[in-house]
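Within every chain, numbering begins at 1; the chains are lettered A, B, ... in the order of the sequence lines, protein sequences first and strands thereafter.
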Amino acid sequence: MNLHEYQGKDILAGFGVRVQRGIVAQNAQEAVAAAKQLTEETGTGWHVIKAQVHAGGRGKGGGVKLAKNLQEVESIAGQIIGMNLVTPQTSAEGKKVHQVLVAEDVYYPGDSEPDEFYMSVLLNRGTGKNMIMYSTEGGMDIETVAEETPHLIFHEEVDPAVGLMPFQARRIAFNLGLSGVAFKEMTKFVSSLYTAYVKSDSSLFEINPVLKTSDNKIMAVDAKVTIDDNALYRHKDYIDLRDLREENPIEVEAKEVGLNYVDLDGNVGCMVNGAGLAMATMDLIKQAGGEPANFLDVGGTADAARVEAAFKIILKDPNVKAILINIFGGIVRCDRVAQGVIDAYKNMGTINVPIIVRLQGTNADIAKELIDNSGLDVLSATEFQEAADKVQQVLA
Amino acid sequence: MSVLVNKNSKIIVQGFTGSEGTFHAGQMIEYGTNVVGGVTPGKGGQTHLDKPVFNTVKEAVDSVGADTTIIFVPPAFAADAIMEAADAGIKVIITITEGIPVADMITASNYIKDKDCRLIGPNCPGVITPGEAKVGIMPGFVFKKGKVGIVSKSGTLTYEAADQVVKQGLGITTAIGIGGDPIIGTTTKEAVELLINDSETEAVVMIGEIGGQLEADAAKWYKNSGSKKPIIGFIAGETAPAGRTMGHAGAIVGGSDDTAQAKKAIMRDCGIHVVDSPAEIGKKVAEVLS
């Protein structure tokens, strides 16, 4: 589950990580009130207005702006809320902005120059351990840093038996070139950040930038936080943080009926049991000259109700020109699935796109007979290649 | 020979009396698998499916000499079940459970690393040695005995591959479902190594998917091993978009080196017979072995 910046910062702050303070606002009036309150609480003169959407690169799309007075807060907030923000990480249409974070200005002048770093906490899949990845090059796209100056990216892997050790926090602070107060601040920052990561069952923290202020404070100016969905059962208080407006509405609907669905741009819908076979089926559609319109894993029970729900989800996409159902029946019997397809088809009345049903495994022959004798406009196949050929045939 | 499980394996089922455990243990016994009992804490002393139920894995090891376990315990308790099995001296721990929190798996994999055991999974279909032992949830009839080993991250795609191999008149030595999670006990490389070193296995089918480096690691090991035993490979997810999780928690393209295209290029470079179409796995195996 992905969180908004303000939600991620709330979690971080709860574990003692210093963050750039801010107040979330739903409209321009709330933004002005938030700015006044922030000035009272923090003494900040200027404010940063930041679009709250689940996408990186917001600044590049005009979703992060500095306001030097309350009039500017009002006009900038009014302009950002409601806009379709296009960033390098969104589609060409962009993402609609529903709220902004009004944040304190932390780049104020002082005794030393402010400095920006990069820091993330994530799983190293190769070793099965968490690691802190960090760089002196903050505020930039880390992929670019990795490409151009890979020697400026450092890793610190954490032994799960003992957790992050103080010497590791010190090594990070040294590698970032810090000394004095800022050095101490950074070791504290790193330790509390790692604690927050573990205690919140996150699967990704990305803090870009981590800022050293002109008065040597270390703080998170941004926060990208992803919580491990499988661990949400032990964090009931996080469940409300899910913002359905940020997700594809068809995917949300599919999830509600227990289908694992990912919306894609192609013209051939598919319905498959098992994630690996579903991806392979998408690949086969491409080789047959089509483009997959979705990933859809119906799971182990492909009965009439589920098949019907899956049909409805797939057909919401107007680009779908054909549907390929690919079920390898093991424990689930193919004749049951075939009956499910026939019942669902009849319940729905007319389906205006050709359907190819490929059923293989337990009772595949009976299933093919059922489909062939159903009188419905459905093409049946038993071999994988045969299904591909039929997709090619209906697209031609 | 075969690998990991055979007719002499003494298998217990953790989460034996639950609905999943009951159903699949029944199927395993019907297949002829040597299931010697099961574990459900609090139900020790009872009999289930005509087999003894134990409170702890240790009791099962002491009483019936269990050396292999299959875990159907719900996700919140599954990592604990893995560690209990390792502590009790079980040698092969096959974990079917899907949805275990990553943090729990970090703990479990760290705990078992110095124990004398091998973890398969989690989030996998299990392991089958046709005609000897089915320790998993796969449909047994698809897997005929033969000389081709299979390593795969996916369930139904493994059945698909086995079916294609069998339809070419060939069969399977052992099929290993290693699982689709970000942290798994036995890697692609380790599973491939087991099969390459198995005297009965004459070719290996290696099925991977987007995300992570496991297939690339396996391919590089294979090249360095100098083995002449052929590997036939397929990577699912060429059409998957970057940054999206495709069903399996581990199936997500993170960068340019874990796409299907990148993995296939490395595999080809290391001498693996890679097919682009998932419909051509069986055909390619037959061609390579002929």
Side-chain angles (χ1 to χ4, degrees), chain A residues 89 123 125-126 128-130 143 146 158-161 198 201-203 228-234 260 262-266 272-288 291-292 295-297 299-300 326-332 360-362 383-388, chain B residues 23-24 27 75-76 99-107 109-111 113 137-139 141-142 152-160 163-164 167 180 182-183 207 209-214 217 234 236-241 243-251 254-255 260 276-280:
Chain A
Q89 291 184 18
L123 173 72
R125 287 175 64 164
K129 293 173 184 173
N130 290 322
E143 303 273 326
V158 182
D159 182 339
V198 171
D201 266 308
S202 287
S203 51
D228 178 3
D229 288 319
N230 289 337
L232 273 177
Y233 71 90
R234 24 185 199 227
N260 200 333
V262 177
D263 198 27
L264 302 169
D265 294 332
V272 189
N273 66 333
L277 190 61
M279 280 187 273
T281 304
M282 286 160 49
D283 297 346
L284 195 79
I285 288 170
K286 170 118 181 167
Q287 290 187 356
E291 286 286 342
F295 166 94
L296 198 162
D297 177 5
N326 186 15
I327 305 286
F328 199 103
I331 306 305
V332 34
Q360 183 55 269
T362 316
E383 298 307 320
F384 212 172
Q385 188 55 50
E386 200 186 342
Chain B
F23 177 76
H24 289 293
Q27 297 273 316
I100 304 176
V102 172
D104 295 11
M105 278 313 299
I106 293 177
T107 307
S109 64
N110 187 58
Y111 179 85
K113 73 172 192 284
I137 59 174
M138 63 289 278
F141 74 92
V142 175
S152 169
K153 277 180 175 173
S154 149
T156 44
L157 191 50
T158 311
Y159 317 158
E160 174 70 43
D163 186 56
Q164 288 182 24
K167 284 191 172 136
I183 296 183
I207 298 170
E209 57 195 32
I210 52 167
Q213 301 300 324
L214 295 186
D217 292 346
F234 172 72
E238 189 164 291
T239 49
R244 297 296 310 266
T245 303
M246 306 303 278
H248 289 150
D276 282 317
S277 166
E280 284 171 2

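- If you measure heavy-atom distances from B:K113 to chain A, you find no contacts under 4.5 Å at all.
- Each of B:P278, B:P139, B:P75 has some count of heavy-atom pairs under 4.5 Å with chain A, and the biggest count is that of B:P278.
- Residue contact with chain A, scored on non-hydrogen atoms closer than 4.5 Å, involves the backbone and the side chain of B:A76 alike.
- Rounding to the nearest 0.5 Å gives a distance of 10.5 Å between CE of A:M282 and CD of B:E238.
- If you measure heavy-atom distances from B:L214 to chain A, you find no contacts under 4.5 Å at all.
- Formation of a donor-acceptor pair under 3.5 Å by the B:T156 side chain with backbone atoms of A:F328 is not found in this model.
- By the 4.5 Å heavy-atom criterion applied to side chains, B:S277 and A:F384 are not counted as neighbours.
- Neither the backbone nor the side chain of B:T107 comes within less than 4.5 Å of any heavy atom of chain A.
- Here the straight-line distance linking atom CG of A:D159 with atom CD1 of B:I106 works out to 11.5 Å at 0.5 Å rounding.
- With a 4.5 Å cut-off on non-hydrogen atoms, B:S152 does not touch chain A at all.
- Residue B:F234 touches chain A through its side chain alone, counting heavy-atom pairs closer than 4.5 Å.
- In terms of heavy-atom pairs under 4.5 angstrom with chain B, the leader among A:E291, A:R234, A:Q385 is A:R234.
- Looking at A:M279 and B:S154, their side chains never come closer than 4.5 Å, going by heavy atoms from C-beta outward.
- Proximity to chain B (any heavy atom under 4.5 Å) is restricted, for A:E383, to the side chain, taken from C-beta onward.
- With a 4.5 angstrom heavy-atom cutoff, B:F141 touches chain A only via side-chain atoms.
- For the set B:G237, B:G247, B:P101, the count of heavy-atom pairs under 4.5 angstrom toward chain A peaks at B:P101.
- Proximity to chain B (any heavy atom under 4.5 Å) is shown, for A:A161, by both the backbone and the side chain.
- For B:D276, the parts lying under 4.5 angstrom from a heavy atom of chain A are both the backbone and the side chain.
- Residue contact with chain A, scored on non-hydrogen atoms closer than 4.5 Å, involves the backbone of B:I100 exclusively.
- Contacts of A:T362 with chain B are made by both backbone and side-chain atoms, with heavy-atom separations under 4.5 Å.
- Contact of B:V102 with chain A is made through backbone and side chain together, with heavy-atom distances under 4.5 Å.
- Note that the CE atom of B:M105 and the CG atom of A:N230 stand 11.5 Å from one another [nearest 0.5 Å].
- Per-residue counts of heavy-atom pairs under 4.5 Å with chain B were compared for A:L284, A:D265, A:L277; the largest is that of A:L277.
- In this structure, the portion of B:E209 lying under 4.5 Å from any heavy atom of chain A is its side chain and not its backbone.
- Nearest heavy atoms, A:R125 versus B:G250: NH1-O, 2.8 Å.
- For the pair B:A236 and A:A280, the tightest heavy-atom approach, listed with the atom from each and the gap, is CB-N, 4.0 Å.
- Within the 4.5 angstrom heavy-atom criterion, only side-chain atoms of A:Q360, from C-beta onward, approach chain B.
- Contacts with chain A were tallied for B:E160, B:Q213, B:K153; B:E160 has the most, counting heavy-atom pairs under 4.5 Å.
- Looking at A:L264, A:T281, A:D283 one by one, the single match for side-chain contact (heavy atoms from CB on, under 4.5 Å) with B:T239 turns out to be A:D283.
- Scanning all heavy atoms of the two residues, the minimum distance from A:G276 to B:L157 falls at O-CD2, 3.6 Å.
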